[in-house]
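To start, the structure itself, in structure tokens.
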Amino acid sequence: MRALIVDDEPLARERLAALLGEIEGIEVAGEAATGFEALEAAVRLRPQLVLLDIRMPVMDGLEAARHLEALETPPAVIFCTAYEDHALAAFEANAVDYLVKPIRIERLRAAIGKAQRLSGATVRKIESAVDPGRRRSHLCARVRGSLVLVSVADIDYLLAEDKYVVVHHAKGEVLIEEPLTALEDEFTGRFVRIHRNCLVALAKLAGLERTPDGRVFARIAGVTAPLEVSRRNLPALRKLVRSL
Amino acid sequence: MVDATPRRWLPQFCSLPTLFAVMVVAELVALILVLAPDSPERPWLPRLGVATVYVQWLALLNAVVLCSMRQPLERMSARAGFVSAWLLSVAVTALAAAVVWQMDQALGLGLSTPFGQGQRFVLGNAAIAALISAALLRYLFVLEQWRERVRAASKAQVDALQARIRPHFLFNSMNTIASLIRTRPAEAERTVEDLADLFRAALGSGDTPGTLGEELDLMDHYLRIEKLRLGDRLHIALDVGELPRDLPLPRLLLQPLVENAIYHGIQPLADGGTVHIAGRKLPGQVEITIRNPLPAEARITTSSNGVALANIRARIEYHFGTRGELRVEPGGGEFAVTVRLPDASPDR
């Protein structure tokens with residue numbers, strides 16, 4: 001079994017690698033220091049097992065586990081944590097395996113024996129139990145078997161098209177399969193609705209423009225595409241822009 | 001838990017405030033004696049003088065006796081001790097009255113009761129002493145109890161404010177040690193020593209103050225452990241050579257600020273950053289500033305950080321009053337905390 005070690009602390013990775021080295025049939029495929037790096041490594045190395053630390057910079061373990069589900073063959077996940085008392089309760093409640101640091105080799109061996117893939121729904125349940133107001137730091141899109149991660153901070157606007165939502169960001173655009181309303185709910189205060197099919201990043205909003213024919217468009221720095229504001233959303237948006 | 005000081009119930013008769021209370025009550029008694037309608041037909045001022053001298057002398061005598069008998073009295077239960085103290089004061093007064101009466105008769109001053117009525121004088125004195133000392137002892141007893149409660153309450157408050165090291169830190173450090181034992185046993189050993197020092201300070205009582213030097217050493221131990229854990233992500237710029245190491249300081253006043261800087265500033269950054277710790281001397285003050293970068297997503301002061309800062313601010317206020325202060329300056333992608341503490345020593 002090929003395993004990927006994910007922890008932001010070099011010594012923690014070192015110890016886990018040493019422990020895994022003592023277990024028959026386990027091969028350490030690679031290491032990663034953040035959830036973001038873990039997803040890149042998972043695409044590249046195709047591990048069957050990922051040992052995920054929970055608290056990491058850039059993207060934490062819970063969010064990484066959620067994005068791992070988008071892989072064609074998602075790996076089994078074992079969470080590792082030093083001390084996260086309410087997260088542990090959430091793991092117990094959802095029958096998800098976890099290890100507490102310093103990890104014991106017997107516990108590690110047992111966890112590997114019954115390690116399982118996690119469904120996105122289960123991870124979401126844990127996330128909302130740990131921290132109800134939690135938001136992802138990245139959106140994840142599948143492009144030809146690989147994963148594309150877009151930092152939420154880089155997103156200019158989100159446009160709904162048929163079954164998809166097109167994520168327009170600083171470096172281009174990707175398609176994700178998520179309803180626009182779910183995104184609006186998750187990122188309240190970060191994105192604002194200007195139209196039935198469009199959410200705009202509040203931080204990127206440069207102003208509103210009225211054309212001679214009476215239509216109003218939202219202006220975003222560096223974006224040329226016209227983003228029309230619907231009549232229904234205009235009053236609320238005006239108020240918001242004025243308060244900025 | 002065993003309390004180091006047993007609960008005191010007997011007031012400190014040798015202390016100035018108690019002595020003063022005793023003297024005020026004695027003077028009131030003297031006044032009552034002189035003003036009583038049944039007193040002999042003599043000018044009241046000289047009578048007040050005589051009564052004052054006599055009653056004050058009795059009162060001080062009682063106070064001195066109770067003060068010197070404090071230890072055996074304290075060993076009794078509160079009730080037995082109270083009754084004993086009361087009986088003691090009645091006996092002392094009776095004895096003293098008898099002596100005074102004898103002296104008065106021998107010298108022929110006629111200040112007390114006439115010849116043959118010595119028994120009446122002594123009994124009367126003893127009765128007055130019995131009434132007054134019962135009331136006074138009770139009053140002082142209640143007062144002492146109240147003070148004790150206030151002391152206990154404020155100690156509990158300070159204890160509650162005692163700095164606590166995040167449990168996360170303990171478990172992460174244990175993990176670091178577990179990892180080091182295999183490859184670098186010498187470093188593992190030193191980390192155990194550093195960790196022990198930190199927890200000795202954190203688990204110790206807040207009663208014994210440390211010094212700034214000890215605090216800087218603790219900070220150093222803490223940073224050494226975190227440096228092992230975070231590796232290249234943590235850089236430290238330390239400039240505290242100017243600070244007076246012998247300045248008295250409550251324990252773990254600065255370490256939590258450094259812990260905050262790492263927890264909120266360095267750990268959430270993939271590439272880490274530098275924690276700046278600078279100290280300088282000002283006239284009558286020392287100033288310590290701790291600066292750390294702040295990740296873009298956490299520009300708002302998170303609640304746990306606020307709690308830690310409020311805790312340290314309250315402890316500074318408790319120990320130094322308005323002479324100490326803690327100032328927070330977020331902004332520009334950076335977070336800075338400045339602590340100013342009074343430096344009373346004149347030779348610095």
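Just so it is clear, the model here is predicted, and its values are computed rather than measured. Lettering follows sequence order; numbering is per chain, from 1.
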Contact origin within A/Ala12 toward chain B - heavy atom pairs under 4.5 Å: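 Contact with chain B involves both backbone and side-chain atoms of A/Ala12.
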- Task: With a 4.5 angstrom heavy-atom cut-off, could you sort out which part of A/Leu16 is near chain B: side chain, backbone, both or neither?
- Result: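 A/Leu16 has no heavy atom closer than 4.5 Å to chain B.
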*Is it true that A/Arg13 and A/Glu37 make a salt bridge, defined as a side-chain N closer than 4.0 Å to a carboxylate O?*
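No salt bridge links A/Arg13 with A/Glu37.
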Between B/Ile177 and chain A, which part of the residue has a heavy atom less than 4.5 Å away: side chain, backbone, both or neither?
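Neither part, no heavy atoms under 4.5 Å.
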So for B/Arg182, is it side chain, backbone, both, or neither that comes closer than 4.5 Å to the heavy atoms of chain A?
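Just the side chain, heavy atoms under 4.5 Å.
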**Prompt:** With respect to chain A, which residue among B/Gln267, B/Arg233, B/Met174 yields the maximal number of heavy-atom pairs within a distance under 4.5 Å?
**Reply:**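 That would be B/Arg233.
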For B/His264 and B/Phe335, I'd like to know if the aromatic rings sit close, meaning centre-to-centre distance below 6.0 Å.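 No, the ring centres sit 6.0 Å or more apart.
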Practice item. Measure the acute angle between the ring planes of B/Phe169 and B/Phe199, then classify it against the limits of 30° and 60° as parallel, tilted or perpendicular. Key: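 B/Phe169 vs B/Phe199 ring planes: parallel.
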Going by the angle between their ring planes, with limits at 30° and 60°, are A/His168 and A/Tyr157 parallel, tilted or perpendicular?
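Plane angle under 30°, so parallel.
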Are any side-chain N or O atoms of B/Arg327 and backbone N or O atoms of B/Arg340, one a donor and one an acceptor, separated by less than 3.5 Å?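 Pair absent, no side-chain N/O of B/Arg327 close to backbone of B/Arg340.
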